Colleague: 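Below you will find the structure I want to go over with you.
All figures in this text were calculated on a predicted structure; none of them were measured in a lab. In the text below, chain A, chain B and the rest are named by the order of the sequence lines, each starting its count at 1.
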There are 2 protein chains.
Amino acid sequence: MTIDFRNAAEELIQHNGGRATAGRIGILAILLAEQHAITHREIEHRLPESLPLDRVTLYRALEWLVEKNLIHKVTSDDRVWRYHANREVHAHRHAHFKCTRCAQVICLDDLPEKRNWHLPAGYRFQEIELTVKGLCADCC
Amino acid sequence: MTIDFRNAAEELIQHNGGRATAGRIGILAILLAEQHAITHREIEHRLPESLPLDRVTLYRALEWLVEKNLIHKVTSDDRVWRYHANREVHAHRHAHFKCTRCAQVICLDDLPEKRNWHLPAGYRFQEIELTVKGLCADCC
DNA sequence: ACAATAAACGCAACTTTGTTGCATTTTCCA
DNA sequence: TGGAAAATGCAACAAAGTTGCGTTTATTGT
Ligand SMILES: [Mn+2]
Ligand SMILES: [Mn+2]
Ligand SMILES: [Zn+2]
Ligand SMILES: [Zn+2]
């Protein structure tokens, strides 16, 4: 139910010391309700007519939500960020899957934990970013 | 020596049924001489004054070189493609490393070959794209 | 309830990266 | 060496995202 996501969103925002504005609540509720990682454009599309929101405000709200660790953003080969709520299941680092036909992005659960990526001498490991590409069930 | 790379570049281009124009030879020679994956901008910068080349021509030449499998391009989180010559060592799929401070990108040799990324039912695996992030030796 | 204040917003302009259409030039081969 | 196909240059366009700044709004203390 949408109202539940809105309540959850509002609480999460306030718990992080931010102002619970209509825009932020709406955006986070959309991301909480969505199981795929979606683009700025797609979020804009899903916003109700009752909640007009400037492009820039949307960008800034997303930036804030990422900072506060309420959502994460995914790099893609089409040069478009995709955003997804941080759920417990996907608590930390995880890989992503991107359909090469419909561009849909989902979060996977694994990530190769081994840090012995034998980097050149003097290099320091920080994190891994991994995308599995293929066809989703709809596009197969 | 630059001249060697130019000769190699010319031969590679002709072996692939393409016209060995000054632009293509110059671009491929630059990429053969470079051990890092570099951006369109960086390639433009490295072009000698004696070889002025339009932005668009550079883009199209890079596209052609990728098609012919003479170079590969790397996705990055800064929305900028980076290009690198295909050497035997890095023959096919491989991971990349990107410095989070200076944005330098190098090619790594490994890639987790296991395809059991237990994707959702009905999904089909195609390929993996993996970037290790961290600090390079200069930035540590 | 209400005013003060800092945070968030909206708008316009800008930047960066990459693409497209089309006329002109160049390469290659017969 | 001339003609066809390929490659180039230029101008215009497009998409995604950023910046500056004046205005509005959520929160807090009274
Ligand atoms: Mn994810
Ligand atoms: Mn590489
Ligand atoms: Zn799909
Ligand atoms: Zn570095």
Side-chain angles (χ1 to χ4, degrees), chain A residues 6-7 9-29 37-45 47-68 70-71 73-83 98 103 105, chain B residues 6 9-29 37-45 47-68 70-83 98 103 105:
Chain A
R6 291 186 57 85
N7 287 339
E10 184 165 6
E11 195 170 335
L12 285 166
I13 291 164
Q14 284 170 335
H15 273 219
N16 276 273
R19 292 194 179 172
T21 65
R24 280 184 183 168
I25 295 170
I27 292 166
L28 185 50
I38 57 179
T39 64
H40 175 275
R41 266 282 175 80
E42 291 169 319
I43 297 169
E44 207 171 18
H45 240 237
L47 284 168
E49 298 214 359
S50 57
L51 177 58
L53 204 58
D54 189 76
R55 276 171 10 90
V56 176
T57 304
L58 178 45
Y59 275 117
R60 293 201 264 232
L62 289 168
E63 195 181 19
W64 184 86
L65 290 167
V66 169
E67 266 171 27
K68 295 304 179 185
L70 295 175
I71 65 176
K73 70 181 187 183
V74 185
T75 302
S76 173
D77 53 9
D78 56 10
R79 313 180 350 109
V80 181
W81 299 110
R82 283 176 178 74
Y83 301 86
K98 178 163 181 228
V105 171
Chain B
R6 291 186 57 86
E10 184 166 5
E11 195 171 336
L12 284 167
I13 290 165
Q14 283 170 337
H15 273 218
N16 277 272
R19 292 190 178 174
T21 64
R24 280 185 183 167
I25 295 170
I27 293 166
L28 184 51
I38 56 179
T39 64
H40 176 275
R41 268 282 174 80
E42 292 169 319
I43 297 168
E44 210 172 16
H45 243 233
L47 284 168
E49 296 215 1
S50 57
L51 179 57
L53 205 56
D54 190 75
R55 278 174 5 97
V56 177
T57 304
L58 177 45
Y59 275 117
R60 292 201 264 234
L62 289 169
E63 194 180 18
W64 185 87
L65 291 167
V66 169
E67 267 170 27
K68 295 305 180 184
L70 294 176
I71 65 175
H72 61 278
K73 70 181 187 183
V74 185
T75 302
S76 175
D77 53 8
D78 57 9
R79 314 182 350 109
V80 181
W81 298 111
R82 284 176 177 74
Y83 301 86
K98 178 164 181 228
V105 172

Colleague: To the nearest angstrom, how far is A:Trp64 atom CH2 from C:dC9 atom C1'?
Modeller: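 Interatomic distance, CH2 of A:Trp64 to C1' of C:dC9: 15 Å.
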
Colleague: In whole angstrom, give the distance that lies between atom CD of A:Glu67 and atom C1' of C:dA7.
Modeller: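 Going from CD in A:Glu67 over to C1' in C:dA7 covers 13 Å.
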
Colleague: Would you say the side chain of A:Arg41 and the base of D:dA16 hold a donor-acceptor pair, judged only by whether the two atoms sit under 3.5 Å apart?
Modeller: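 A donor-acceptor contact between them is absent.
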
Colleague: Report yes if a side-chain nitrogen or oxygen of B:Thr57 is closer than 4.0 Å to either non-bridging phosphate oxygen (OP1 or OP2) of D:dA7; otherwise report no.
Modeller: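 So the side chain of B:Thr57 is outside the cut-off, no N or O lying under 4.0 Å from OP1 or OP2 of D:dA7.
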
Colleague: Enumerate, atom names and distances included, each donor-acceptor pair closer than 3.5 Å involving a side-chain atom of residues 16-26 of chain A, sequence neighbours excluded.
Modeller:
residue: A:Asn16; atom: ND2; partner: A:Leu12; partner atom: O; Å: 2.9
residue: A:Thr21; atom: OG1; partner: A:Arg24; partner atom: N; Å: 3.3
residue: A:Arg24; atom: NH1; partner: A:Arg19; partner atom: O; Å: 3.2

Colleague: Would you classify B:Arg55 as touching base, sugar-phosphate or nothing, given that sugar-phosphate means primed atoms plus P, OP1 and OP2, and contacts are heavy atoms under 4.0 Å?
Modeller: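 Answer is base: heavy atoms of B:Arg55 come under 4.0 Å of a base.
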
Colleague: Distance check, rounded to the nearest 0.5 Å: A:Arg41 atom CZ versus A:Arg55 atom CZ?
Modeller: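 The CZ atom of A:Arg41 sits 8.5 Å away from the CZ atom of A:Arg55.
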
Colleague: Rounded to whole angstrom units, what separation is found between the OH atom of B:Tyr83 and the C1' atom of C:dG18?
Modeller: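 Taking OH of B:Tyr83 and C1' of C:dG18, I get 9 Å after rounding.
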
Colleague: Taking atom P of C:dG18 as reference, at what distance in whole Å does atom CG of B:Leu62 sit?
Modeller: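 The distance from CG of B:Leu62 to P of C:dG18 comes to 10 Å, rounded to the nearest Å.
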
Colleague: Given that B:Tyr59 and B:Gly18 both sit by DNA chain C, which one's nearest nucleotide is further toward the 5' end?
Modeller: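 Nearer the 5' end of the strand: B:Tyr59.
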
Colleague: Would a distance-only check, ignoring hydrogens and angles, find a side-chain to backbone donor-acceptor pair under 3.5 Å from A:Arg79 to B:Arg79?
Modeller: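 Side chain of A:Arg79 to backbone of B:Arg79: a pair is present.
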
Colleague: Could you state the atom-to-atom distance from CG of B:Asp54 to P of C:dT20 in whole Å?
Modeller: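 For the pair B:Asp54 CG and C:dT20 P, the rounded distance is 15 Å.
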
Colleague: Please report the interatomic distance CG(A:Leu65) to OH(A:Tyr83), rounded to the nearest 0.5 Å.
Modeller: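 Interatomic distance, A:Leu65 CG to A:Tyr83 OH, rounded to 0.5 Å: 10.0 Å.
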
Colleague: In whole Å, I'd like the distance from the NE2 atom of B:His45 to the C1' atom of C:dT17.
Modeller: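 It is 16 Å, rounded to the nearest whole Å.
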
Colleague: So, is B:Thr21 close to the D:dA6 phosphate, meaning a side-chain N or O under 4.0 Å from OP1 or OP2?
Modeller: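 Answer is no, no contact under 4.0 Å.
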
Colleague: Give the nucleotide from the list D:dT27, D:dA16, D:dC10 with an atom nearest to the side chain of A:Val80.
Modeller: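 Looking only at heavy atoms from C-beta outward on A:Val80, the closest nucleotide is D:dA16.
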
Colleague: Given 3.5 Å as the limit, does a donor-acceptor pair link the side chain of B:Gln14 with the main chain of B:Glu11, or not?
Modeller: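 Checked: no pair found.
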
Colleague: Does A:Arg60 get its side chain close enough to the base of C:dG10, under 3.5 Å, for a donor-acceptor pair?
Modeller: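 Side chain to base: pair present.
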
Colleague: Rounded to the Å, how far apart are B:Ile25 CD1 and C:dT26 P?
Modeller: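 Nearest whole value for this atom pair: 15 Å.
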
Colleague: Reckon A:Trp81 has a side-chain N or O less than 4.0 Å from the OP1 or OP2 of D:dG17?
Modeller: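 Yes.
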
Colleague: Just compare C:dC28, D:dA26, D:dT18 and give me whichever is closest to any side-chain atom of A:Arg19.
Modeller: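 Taking heavy atoms from C-beta onward, the closest nucleotide is D:dA26.
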
Colleague: If you find the nucleotide of DNA chain D closest to A:Glu63 and the one closest to B:Arg24, which residue's nucleotide is nearer the 5' end?
Modeller: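 By nearest-heavy-atom nucleotide position, the 5'-most residue is B:Arg24.
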
Colleague: If I take atom NZ in residue A:Lys68 and atom P in nucleotide C:dA7, what distance separates them, rounded to the nearest angstrom?
Modeller: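 After rounding, the reported distance stands at 11 Å.
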
Colleague: What's A:Ala61 touching, base or sugar-phosphate or nothing? Going by heavy atoms closer than 4.0 Å.
Modeller: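 A:Ala61: no heavy atom of the nucleic acid under 4.0 Å.
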
Colleague: Working to the nearest 0.5 Å, report the span between CG of A:Leu53 and CZ of A:Arg60.
Modeller: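 Answer for the CG-CZ pair, A:Leu53 versus A:Arg60, is 11.0 Å.
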
Colleague: Between D:dA16, D:dT27, C:dC11, spot the one nearest the side chain of A:Gln14, thanks.
Modeller: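 Selected nucleotide: D:dT27.
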
Colleague: Check every strand shown and say whether B:Val56 touches a base, only sugar-phosphate, or nothing at a heavy-atom separation below 4.0 Å.
Modeller: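 The answer is base, as B:Val56 lies within the cut-off (heavy atoms under 4.0 Å) of a base atom.
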
